[in-house]
Amino acid sequence: MSKNLVLFFSVYESTKAVAEEIAAQTGADLVEIEPVTPYDSNRSHYNALARYAKKEHDEDMRPAIKNEINIENYDNIFIGYPMWWYTFPMIIYTLFDKYDFSGKTIIPFNTHMGSGDGGTYRTITQLEPNATVLNGLPVEMSEAERGCKDKVEKWLNTTIRRTAK
Ligand SMILES: Cc1cc2nc3c(=O)[nH]c(=O)nc-3n(C[C@H](O)[C@H](O)[C@H](O)COP(=O)(O)O)c2cc1C
């Protein structure tokens, strides 16, 4: 089994596209973080999703994850998510509450519409103090949707292949 895992959460599938690109280039296994209560992926309902996500954020909710995720067999774990309200979606907090990444190498990536990583990579180091967190990759949503093969390749070459082996 591959020792690299790409774990991602995505509603509009741009983070999924980046996750698939990383998995294709690294040969890593690919696992989607599935919520028990699905989010509305219809983009014309954006305002409703934004309101719902804001409520989850303001109430510090921990939306449940449906699938059991096995992180035991992996050393290097890419974790990808969209930027929601200047941080990661609350289900990513659920992930860090539920699973212990001590001793693992976490390589974050995210998609966004202007916020970059919003300080989330630093938050991961605080939530998982016993993991090694490498330089992450923020990708603008439109770039993720156009295809970010070169960007991912450059990032993997500079950040990952040097440090995560
Ligand atoms: C509820 C919600 C909140 C968002 N908040 C932000 C934000 O604070 N900063 C930002 O740059 N983009 C924000 N966005 C844009 C998303 O980060 C962007 O659309 C992302 O690429 C979607 O990822 P996905 O296609 O994997 O779901 C928000 C989008 C949604 C749906």
Side-chain angles (χ1 to χ4, degrees), residues 1-41 53 62-84 87-112 116-118 120-165:
M1 186 186 275
S2 160
K3 296 180 88 180
N4 298 333
L5 173 67
V6 179
L7 201 52
F8 72 96
F9 170 72
S10 183
V11 172
Y12 296 151
E13 301 202 336
S14 48
T15 309
K16 181 179 184 180
V18 181
E20 287 173 344
E21 186 59 50
I22 295 169
Q25 291 195 29
T26 58
D29 292 336
L30 183 66
V31 171
E32 182 163 5
I33 300 164
E34 297 170 31
V36 167
T37 309
Y39 295 90
D40 188 344
S41 61
R62 295 289 183 274
I65 297 173
K66 186 164 82 181
N67 46 333
E68 266 313 309
I69 297 166
N70 176 7
I71 65 167
E72 289 309 308
N73 297 335
Y74 299 95
D75 301 317
N76 306 317
I77 305 176
F78 295 84
I79 300 179
Y81 46 84
M83 191 57 40
W84 275 13
T87 183
F88 33 55
M90 300 312 287
I91 198 167
I92 300 296
Y93 280 98
T94 309
L95 178 80
F96 288 124
D97 281 0
K98 191 167 171 196
Y99 295 95
D100 181 5
F101 288 81
S102 296
K104 309 285 184 193
T105 297
I106 297 174
I107 311 125
F109 62 98
N110 74 287
T111 60
H112 65 94
D117 82 284
T120 53
Y121 302 162
R122 191 158 174 275
T123 304
I124 294 172
T125 65
Q126 291 161 352
L127 294 174
E128 295 294 336
N130 298 316
T132 302
V133 182
L134 301 188
N135 286 337
L137 180 72
V139 183
E140 221 276 322
M141 184 182 193
S142 57
E143 194 178 5
E145 292 186 320
R146 271 198 313 273
C148 54
K149 186 169 181 287
D150 293 349
K151 188 172 184 135
V152 166
E153 193 174 353
K154 199 181 277 179
W155 172 62
L156 288 171
N157 280 330
T158 53
T159 309
I160 314 306
R161 297 209 170 101
R162 210 158 19 95
T163 43
K165 283 211 161 156

To the nearest 0.5 Å, what is the distance between [atom1] on [X] and [atom2] on [Y]?
| X | Y | atom1 | atom2 | value |
| --- | --- | --- | --- | --- |
| T158 | E153 | OG1 | CD | 11.0 Å |
| N110 | S14 | CG | OG | 10.0 Å |
| Q25 | L156 | CD | CG | 5.5 Å |
| D100 | I71 | CG | CD1 | 7.0 Å |
| I79 | Y99 | CD1 | OH | 11.5 Å |
| L95 | E128 | CG | CD | 8.0 Å |

Would you call [X] and [Y] a side-chain contact if the rule is heavy atoms closer than 4.5 Å?
| X | Y | value |
| --- | --- | --- |
| L5 | V31 | yes |
| C148 | V18 | yes |
| T87 | I92 | no |
| M141 | H112 | no |
| L30 | E20 | yes |
| V133 | P108 | yes |
| F9 | E32 | no |
| I124 | F101 | no |

Between Y74 and D29, do the side chains contain a donor N or O and an acceptor N or O under 3.5 Å apart? yes
Start with the C-alpha gap between E21 and K149, add the side-chain angles, then the distance that decides, and say whether salt bridge (charged side-chain N to carboxylate O under 4.0 Å, His left out) holds. CA-CA 6 Å; E21 186 59 50; K149 186 169 181 287; 5.7 Å; no
For [Y], is there any backbone N or O sitting under 3.5 Å from a side-chain donor or acceptor partner on [X]?
| X | Y | answer |
| --- | --- | --- |
| N67 | I69 | no |
| Y121 | L137 | yes |
| T105 | T132 | no |
| T120 | D117 | yes |

Does the plane of the ring in W155 sit parallel, tilted or perpendicular to the ring in F78? Use 30° and 60° as the thresholds. perpendicular
For the side-chain hydrogen bond (donor to acceptor under 3.5 Å, both in side chains) test, which of N73, D75, N76 pairs with K3? D75
Which heavy atom of A144 sits nearest a heavy atom of V139, and at what distance? N-CG1, 3.7 Å
Residues V11 and W84: closest non-hydrogen pair is CG2-CZ2, 3.7 Å
Taking the six-membered ring for Trp, are the ring centroids of Y39 and Y12 within less than 6.0 Å of each other? no
Compute the centroid of each ring, for Y81 and then for F88, and state whether the two points are separated by less than 6.0 Å. yes
Derivation and outcome, side-chain contact (heavy atoms from CB on, under 4.5 Å), residues T111 and M83: CA-CA 6 Å; T111 60; M83 191 57 40; over 6 Å; no
Please check if atom NZ in K98 has more than 12 non-hydrogen atoms from other residues, nucleotides or ligands closer than 6.0 Å. yes
